[in-house]
Amino acid sequence: MALKVAIVGLSPSREGMPWGDYTWEKWGLPWDVEHWAKYDRLFEIHDARELRTFPIDYLDRLNDCGRLYMQAAYPDFPDATVYPFDDVQKAIGPLYFESTVAYMLALAIAEGAKEIALYGVDMGDDTPHGFQKANAEYFIGMARGKGIKVHIPASSPLCKYSGEFGYKTRYGLM
């Protein structure tokens with residue numbers, strides 16, 4: 001069966017996530033307290049310095065996550081999988097990461113996913129994660145350019161322009 005990856009964030013557009021559809025491999029975030037145990041793969045990409053500032057119950061959960069990807073090998077998390085930077089770069093070219101979602105998208109592309117769906121990934125311009133939107137859209141464009149079908153919920157601001165841009169006969173000087 002062709003790889004189908006559902007990338008799940010924590011924003012409102014995750015309401016349509018088909019949790020019971022087992023044709024999709026579900027990739028998520030370990031800080032998703034409600035659903036973390038339902039994911040096939042989890043991604044915790046923060047570095048060791050940042051991880052030390054996280055609550056102890058969260059760090060304990062990381063040792064019970066199943067298939068967990070981290071950016072490096074950490075002694076406190078011996079069962080984690082080190083993110084395959086070199087393999088991903090060989091498969092898709094230069095890497096540009098500004099969010100955990102970007103790591104997920106890049107790996108799905110590198111592993112040859114035929115479909116990718118994004119639920120709860122609402123990086124709107126008016127959100128704390130708005131600065132990550134361009135990065136996610138970069139990998140969405142790359143996936144689509146490789147013929148991968150990408151599903152984005154209608155309520156998500158991804159790949160949508162948030163302002164007005166009407167027809168103009170000429171542009172003002174900058």
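Computed over heavy atoms, backbone and side chain alike; hydrogens, waters and symmetry mates excluded.
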Give the table of side-chain donor-acceptor pairs shorter than 3.5 Å for residues 45-55, with sequence neighbours excluded, one pair per line with atom names and distance.
| unit_1 | atom_1 | unit_2 | atom_2 | d |
| --- | --- | --- | --- | --- |
| H46 | ND1 | E44 | OE2 | 2.5 |
| D47 | OD1 | R49 | N | 3.1 |
| D47 | OD1 | E50 | N | 3.0 |
| D47 | OD2 | R49 | NE | 3.4 |
| D47 | OD2 | R49 | NH2 | 2.5 |
| T53 | OG1 | E50 | O | 2.6 |

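- Aromatic rings from F43 and W27 are positioned such that their centres are separated by under 6.0 Å.
- Judged by distance alone, with hydrogens and angles left aside, the side-chain atoms of K26 form a donor-acceptor pair with the main-chain N or O of W24 at under 3.5 Å.
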Please tabulate, for the side chains in residues 113-120, all donor-acceptor contacts under 3.5 angstrom to protein atoms that are two or more places apart in sequence or on a different chain.
| unit_1 | atom_1 | unit_2 | atom_2 | d |
| --- | --- | --- | --- | --- |
| E115 | OE1 | H151 | NE2 | 2.6 |

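- Within the cation-pi definition used here (under 6.0 Å to the ring centroid, within 45° of the axis), K38 qualifies as a partner of W19.
- In this structure, the side chain of R61 engages the main chain of P30 through a donor-acceptor pair within 3.5 Å.
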For this session: Run the numbers on Y103 and Y69 for ring-ring contact (aromatic ring centres under 6.0 Å, His included), then give the verdict.
Result: CA-CA 10 Å; Y103 285 83; Y69 286 83; over 10 Å; no
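- Here E25 does not pair with R67 in a salt bridge; the nearest charged N to carboxylate O distance is not below 4.0 Å.
- Between E137 and R144 there is no salt bridge, since no side-chain nitrogen of the basic residue lies less than 4.0 Å from a carboxylate oxygen of the acidic one.
- Residues W36 and V33 approach most closely at CD1-O, 3.4 Å, considering heavy atoms.
- The backbone N or O of L10 sits nowhere less than 3.5 Å from a side-chain atom of D32 that would complete a donor-acceptor pair.
- In this structure, F97 and A106 approach most closely via the heavy-atom pair CE2-CB, 3.7 Å.
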